[in-house]
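Below, all heavy atoms of this structure are taken into account, side chains as well, without hydrogens, waters or symmetry copies. The structure presented is a predicted model; accordingly, all values stated were derived computationally and were not measured.
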Amino acid sequence: MVRNDYLSAIIAKILKMSQEEKNLEAAPSKKFRLDHFVEDNQRQLMIAGAALIVLAAAIWYYKAKYQPQQEAKANNAMFMAERYFGRDSLDLALNGDGTYDGLLDIIDQYPRTKSGQRAQYYAGVTMMKKGQYEEAIDHLKKVDFDDEMVGPLSRCLIGDSHVELDNLESAGKAYMKAAGMSQNDFTTPYALLKAARVYSSLEQWDKALKSLKTIQSDYSNSRFAEDIDKLIARAETASLHQE
């Protein structure tokens, strides 16, 4: 296997060659011949070229062969784990039944697959159901947050876990992150409403009102906006009493 510093040395030589070519007109006395450079460094250039070919082949194999195989295996492994999860058989869902893998095994074996991400999500929810909120947060933090729905909902569950641990400041931050991840009529107002409730509990009325008024102005058609006027009125009254 070609070492990175060896390849870097070859690339540095090529860059130096390019610079010397540019300087030929300004300094004609400096003679440089590309054919001489190639002759002198033919072996190194061949090794570097072969290394690039091997790297390209490895990337192709990973994307075209290995990754799809892993996705298929992980998806098959999730079948029984999800079934146990749906039945609320929490320990079997997490640890398997001796024949079928559980969520924790799937996470270890297939961490970079979509099913592995689903396993992280289910493991987080399962830990919450078991009252193990710190463990739930650890799993939910590893969920792929790029998904438009699962990402914000996972963040909200992190917030819920912090609420159970009485970490209200952390809960508020989690909910606000969830609200900013994807703008839609479900997850955004849902997260904002949860944030408003937490900030109300903390008597941080400015933050609570900001969240509530965002729902009122931007997500008035959402079902989470049904009682928004009443909630805003209560928060404003509480804010005045605080002053």
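Here the closest heavy-atom approach between residue Y121 and residue V150 is recorded as CD1-CG1, 4.0 Å. In terms of heavy atoms, S200 sits closest to A208 at OG-CB, 3.7 Å. Across A93 and A81, no two heavy atoms sit closer than the pair CB-O, 3.8 Å. In plain terms, the two heavy atoms of M181 and K177 that are nearest each other are CG-O, 2.9 Å. Nearest heavy atom pair, residue A171 against residue V163, reads CB-CG2, 3.6 Å. Nearest heavy atoms, A123 versus I107: CB-CD1, 3.9 Å.
Two residues are said to be in side-chain contact when any heavy atoms from C-beta on lie closer than 4.5 Å; Y190 and C156 meet this criterion. Using a 4.5 Å cut-off on side-chain heavy atoms (C-beta onward), H162 and V198 make no contact. Annotation: side chain of V143 is not in contact with side chain of K141 (no heavy-atom distance under 4.5 Å). Residues L94 and K130 are in side-chain contact: their nearest non-hydrogen atoms beyond the backbone lie under 4.5 Å apart. At least one side-chain heavy atom of L153 sits under 4.5 Å from a side-chain heavy atom of F186.
Side-chain atoms of T188 come within 3.5 Å of backbone atoms of S182 as a donor-acceptor pair (strictly under, hydrogens ignored). With S239 contributing its side chain and A235 its backbone, the two residues share no donor-acceptor pair below 3.5 Å. Side-chain N or O atoms of N167 include none that pairs as donor or acceptor with a backbone N or O of S170 at under 3.5 Å. No donor-acceptor distance shorter than 3.5 angstrom exists from the side chain of S89 to the backbone of F85, with no hydrogens or angles considered. Without hydrogens or angle criteria, Y175 side chain to I158 main chain gives no donor-acceptor distance under 3.5 Å. Using a distance-only test at 3.5 Å, with no hydrogens or angles considered, a donor-acceptor pair links the side chain of E71 to the main chain of K114.
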Any chance you could lay out the side chain to side chain contact (heavy atoms under 4.5 Å, CB included) test for L140 and R155, step after step, and finish with the verdict?
-> CA-CA 7 Å; L140 292 166; R155 278 286 178 192; over 6 Å; no
Could you please spell out the steps behind the side chain to side chain contact (heavy atoms under 4.5 Å, CB included) verdict for D166 and L168?
-> CA-CA 6 Å; D166 203 29; L168 297 186; 4.1 Å; yes
Show your reasoning for whether side chain to side chain contact (heavy atoms under 4.5 Å, CB included) applies to E169 and Q204.
-> CA-CA 10 Å; E169 289 284 357; Q204 296 179 5; 2.8 Å; yes
Check the pair L192, M176 against side chain to side chain contact (heavy atoms under 4.5 Å, CB included), reporting the backbone distance first and the verdict last.
-> CA-CA 7 Å; L192 287 170; M176 291 307 295; 4.1 Å; yes
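Residues Q183 and E148 bring no donor and acceptor atom of their side chains to less than 3.5 Å of each other.
At a threshold of 4.5 Å between side-chain heavy atoms, the hydrophobic network of Ile, Leu, Val, Met, Phe, Trp and Tyr places M128 and L90 in two separate groups. Connection of L92 to M78 is not established within any shared hydrophobic cluster, with ILVMFWY side chains joined at heavy-atom distances below 4.5 Å, either directly or through further cluster members. The cluster map of Ile, Leu, Val, Met, Phe, Trp and Tyr, joined by side-chain heavy atoms under 4.5 Å apart, puts W205 and L193 in different clusters. The cluster map of Ile, Leu, Val, Met, Phe, Trp and Tyr, joined by side-chain heavy atoms under 4.5 Å apart, puts M80 and I106 in different clusters. When the side chains of ILVMFWY residues are joined at heavy-atom separations under 4.5 Å, either directly or via intervening members, F79 and V125 end up in two distinct hydrophobic clusters.
For the atom pair OH of Y110 and CG of D105, the computed distance is 9.5 Å after rounding to the nearest 0.5 Å. For the atom pair CG (L157) and CE (M127), the distance works out to 14.0 Å, reported to the nearest 0.5 Å. For the atom pair CG of L212 and CG of D229, the computed distance is 10.5 Å after rounding to the nearest 0.5 Å. The CG atom of L103 sits 11.0 Å away from atom CG of D108, with the distance rounded to the nearest 0.5 Å. In this structure, the separation between NZ on K194 and OG on S211 is 13.0 Å, given to the nearest 0.5 Å. Taking NE2 of H139 as the reference point, atom OG of S154 lies at 12.5 Å (rounded to 0.5 Å).
Annotation: Y100, atom OH; neighbour count of heavy atoms from other residues, nucleotides and ligands within 6.0 Å does not exceed 12.
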Can you list, pair by pair, the side-chain donor-acceptor contacts under 3.5 Å of residues 218-228, counting residues two or more places apart and other chains?
{"unit_1": "S222", "atom_1": "OG", "unit_2": "D185", "atom_2": "O", "d": "3.1"}
{"unit_1": "S222", "atom_1": "OG", "unit_2": "F224", "atom_2": "N", "d": "3.1"}

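Taking 4.0 Å as the cut-off between side-chain N and carboxylate O, E82 and R118 count as a salt-bridged pair. Salt-bridge annotation for E236 and K213: present, with a side-chain N of the basic residue lying under 4.0 Å from a carboxylate O of the acidic one.
By the ring-ring contact (aromatic ring centres under 6.0 Å, His included) test, Y84 pairs with no residue at all, sequence neighbours left out.
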